[in-house]
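The structure presented is a predicted model; accordingly, all values stated were derived computationally and were not measured. Labels below follow one simple rule: chain letters A, B, ... track the order of the sequence lines, proteins then strands, and each chain is numbered from 1.
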Amino acid sequence: MNLSISPKVKKALEEKRPVVALESTIISHGMPYPKNYQTALEVEEIVRENGATPATIAIIGGTIKVGLSAEEIDYLAKTPGVYKVSRRDLPFIVATGKDGATTVSGTMIVAAMAGIKVFATGGIGGVHIEGENTMDISADLTELGQTNVAVVCAGVKSILDIGRTLEYLETLGVPVITYKSSEFPAFFSSKSGYSSPLTTDKIEDIAQTIKTKYHLGLKGGVVIANPIPEEFDFDGEIIGKAIREALSECKEKNITGKEVTPFLLQKIVDITGGKSLESNIALVKNNAKLAAQIAKLL
Amino acid sequence: MNLSISPKVKKALEEKRPVVALESTIISHGMPYPKNYQTALEVEEIVRENGATPATIAIIGGTIKVGLSAEEIDYLAKTPGVYKVSRRDLPFIVATGKDGATTVSGTMIVAAMAGIKVFATGGIGGVHIEGENTMDISADLTELGQTNVAVVCAGVKSILDIGRTLEYLETLGVPVITYKSSEFPAFFSSKSGYSSPLTTDKIEDIAQTIKTKYHLGLKGGVVIANPIPEEFDFDGEIIGKAIREALSECKEKNITGKEVTPFLLQKIVDITGGKSLESNIALVKNNAKLAAQIAKLL
Amino acid sequence: MNLSISPKVKKALEEKRPVVALESTIISHGMPYPKNYQTALEVEEIVRENGATPATIAIIGGTIKVGLSAEEIDYLAKTPGVYKVSRRDLPFIVATGKDGATTVSGTMIVAAMAGIKVFATGGIGGVHIEGENTMDISADLTELGQTNVAVVCAGVKSILDIGRTLEYLETLGVPVITYKSSEFPAFFSSKSGYSSPLTTDKIEDIAQTIKTKYHLGLKGGVVIANPIPEEFDFDGEIIGKAIREALSECKEKNITGKEVTPFLLQKIVDITGGKSLESNIALVKNNAKLAAQIAKLL
Ligand SMILES: [Mn+2]
Ligand SMILES: [Mn+2]
Ligand SMILES: [Mn+2]
């Protein structure tokens with residue numbers, strides 16, 4: 001197997017101590033250098049502070065790595081041209097000896113291979129805006145339907161179609177549990193206007209659900225939605241309104257297909273007054289903490 | 001395992017005698033009390049009369065039950081707030097010790113766990129009206145694509161999109177066999193205007209298909225469509241026309257999303273002159289009988 | 001098991017020599033007699049010339065055959081009423097003892113049962129034109145998401161929606177590698193206007209990707225897109241334009257649903273000046289050759 005687990009992660013897994021998987025797309029494609037490098041290390045530290053071992057996942061020179069050194073994180077953070085690796089890309093990138101940063105889908109696959117049950121990220125992929133027409137739907141959803149890893153997130157990535165993503169997850173039979181809210185969160189905002197299919201205030205319920213699921217042999221993941229911390233919570237109405245306006249603007253200016261996402265992301269940066277990076281980091285850390293707390297109960 | 005199989009069902013399975021699974025959503029959410037209680041017992045009796053052991057499935061206090069006592073059926077029939085349990089809900093409801101009535105999806109999962117191969121219900125879930133836009137598609141279809149249980153039904157639930165549901169089942173590779181008709185039935189009517197992908201007049205062919213499928217290791221269910229008995233058969237054209245008119249009315253009155261289904265269901269009650277409950281019971285019994293006949297040949 | 005592997009194929013598999021699966025829908029439903037018979041034999045010969053054993057797959061009298069005799073191919077080529085067998089049809093056709101020609105989906109299933117890793121065809125199924133509305137999406141895509149067989153093709157069948165098919169394959173996590181082009185081909189044309197998700201000039205990379213995928217336990221197929229040979233390459237713009245015009249014509253003439261495909265296929269015959277059959281044969285042979293070359297490296 002082209003799978004290399006770091007000594008610390010291997011030891012934690014062997015001793016059945018809690019481990020939290022972390023993705024690398026956020027390092028290679030999510031933030032500017034050196035903010036991405038610093039954040040990756042800080043997120044790992046939060047996992048440790050909360051009693052679990054972090055396992056950042058990536059592919060380096062065709063080897064699937066579970067648990068990266070600071071040097072490896074630095075390499076991914078500043079090297080251009082690192083592939084974004086989802087399920088479809090994984091065997092080719094490994095076979096051809098390339099570097100790859102794993103998406104939610106790719107990270108779930110590798111976490112499951114390594115025996116890691118919980119994974120923290122910012123937001124999962126979903127149905128794109130107009131995805132009911134374009135069929136642009138993230139492979140993350142397919143992965144959640146089949147791979148046994150619980151994913152702690154602040155909802156779906158900021159400019160996706162939340163309602164249709166929830167429908168899609170229901171069709172695939174994926175449990176969606178929002179922690180401490182009956183409303184499914186909207187990444188930069190704790191409010192989305194959509195009820196959460198399941199909700200609980202107790203971390204024990206979440207851990208017990210994950211254990212029961214695996215115990216019953218029900219394949220697939222669990223989405224743990226963790227609303228953004230209050231001090232970073234943007235008014236969902238303002239963001240929602242801005243996105244709707246930006247979508248109208250797309251139609252007027254005939255911005256379509258793959259150009260819509262970067263256009264909307266820039267709008268988010270504009271309306272948050274540039275605070276979106278800071279908020280993104282805050283919610284990832286918040287998720288890493290919850291993931292570690294869940295991992296300890298598994 | 002939080003799985004409790006009743007002594008009668010356990011004995012039948014051990015002695016390799018025919019068993020038919022039955023769902024509980026129809027008890028908790030499908031009919032008024034005490035009609036739901038009486039019907040559940042009558043359906044079980046029909047299974048017995050036709051030579052098989054009934055196994056009604058539900059979750060009580062977090063325990064998955066296969067084979068309910070009359071007391072347990074009565075409890076589900078009159079207790080408010082019992083959860084509807086599909087694949088996504090199952091581990092949470094079990095983990096948190098709640099009561100749950102299983103949908104087609106939930107019942108298939110539990111039947112497969114218990115080793116039961118045939119399940120009788122009224123209608124399966126499917127693509128909702130406008131589901132190509134809303135992406136509201138029942139998890140029952142996903143389950144049929146992956147879980148090895150044959151489901152005897154009178155078609156899809158009455159107000160779903162039959163054509164798109166058949167397309168979706170084809171995409172997932174699910175065999176759809178209509179018994180004694182080349183036309184796929186429409187729940188309250190034996191006519192839908194859609195050809196059945198497969199058809200046979202022989203119960204032996206159905207049983208042999210199920211056995212061959214499992215023998216070949218082809219995962220997933222089989223839909224056995226059993227048209228409503230002739231004496232209860234509503235004119236499909238009248239129902240179809242009424243649904244189309246009701247849909248126009250929805251658009252006029254701006255009734256959308258989750259409000260459409262109850263609106264259409266009420267229309268069905270209106271146009272059938274209130275006979276829809278009686279017809280619903282008749283078709284479930286008809287399906288229970290065919291399911292028992294199939295189970296005996298497996 | 002109702003599975004009969006011919007002595008030559010069985011011997012090749014036992015000796016771990018390369019084998020290439022071939023489908024039979026192209027024989028029964030793809031070409032007129034005796035062109036279909038001759039082509040099937042010629043394609044088998046090309047597989048042999050390139051160092052692999054051909055295994056044409058079909059169902060005859062309810063027996064699943066892997067490796068057909070010339071007599072069996074002749075029988076399928078000239079017998080009317082042979083079923084087209086996809087995943088959903090397979091158990092019924094076997095159980096009832098009928099004849100069936102396997103589609104891409106059906107052939108993948110049987111190839112996987114027999115332990116064959118590579119399969120050559122003309123084009124795979126996909127999302128139909130207007131499939132985002134009709135939900136008419138080929139079961140071939142589902143199969144590619146779950147069954148471990150690499151499929152060498154010249155793209156998707158000529159009149160499908162290429163862009164949405166690529167989105168669907170991405171969602172399912174299926175690797176799509178175009179050989180010697182960064183553009184995904186369009187069956188009769190090497191150009192489609194869509195970038196290929198993955199590309200390589202080396203057969204070794206393709207083989208290594210397939211081996212890595214199975215080694216990592218990642219279920220599902222691999223699409224190897226092999227552009228039509230240059231001397232048969234139609235101008236993609238001309239074909240694309242003709243299809244768009246034909247689609248407008250469909251709307252004007254109110255041609256909808258199942259009538260659209262034969263209408264478009266006839267248009268293809270018209271605009272290619274009747275050369276489409278010849279081109280179809282050329283690309284299938286081209287794919288058989290590449291499949292054999294890949295199979296030798298596995
Ligand atoms: Mn996409
Ligand atoms: Mn739904
Ligand atoms: Mn179709």
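The greatest number of non-hydrogen atom pairs below 4.5 Å with chain C, out of A:T134, A:N133, A:I93, is found for A:N133. The candidate with the highest count of non-hydrogen atom pairs below 4.5 Å against chain A, out of C:D205, C:V222, C:L218, is C:L218.
At a 4.5 Å heavy-atom cutoff, the contact between A:S138 and chain C is made by backbone atoms alone. For C:L198, the part sitting under 4.5 Å from any heavy atom of chain A is the side chain, from C-beta outward, and nothing else. Using a 4.5 Å cut-off between heavy atoms, C:V176 makes no contact with chain A at all.
Between C:I177 and A:F92, the closest heavy-atom pair is CD1-CD1, 3.9 Å. Between A:P91 and C:T209, the closest heavy-atom pair is CB-O, 3.7 Å.
Other residues, nucleotides and ligands contribute over 12 non-hydrogen atoms within 6.0 Å of the NZ atom of A:K213. Applying the 6.0 Å contact sphere to NZ of C:K219 captures more than 12 heavy atoms from other residues, nucleotides or ligands. Other residues, nucleotides and ligands contribute more than 12 heavy atoms inside 6.0 Å of the OH atom of C:Y179. Enclosure of atom NZ in A:K84 is not indicated, since only 12 or fewer non-hydrogen atoms of other residues, nucleotides or ligands lie within 6.0 angstrom. Remark: A:K98 NZ is packed, more than 12 non-hydrogen atoms of other residues, nucleotides or ligands lying under 6.0 Å away.
A:I64 places a side-chain heavy atom less than 4.5 Å from the side chain of C:L216. No side-chain heavy atom of C:K202 sits under 4.5 Å from any side-chain heavy atom of A:T96.
Within residues 140-173 of chain A, the residues that have a heavy atom under 4.5 Å from a heavy atom of chain C are A:T142, A:Q146, A:Y168, listed by number.
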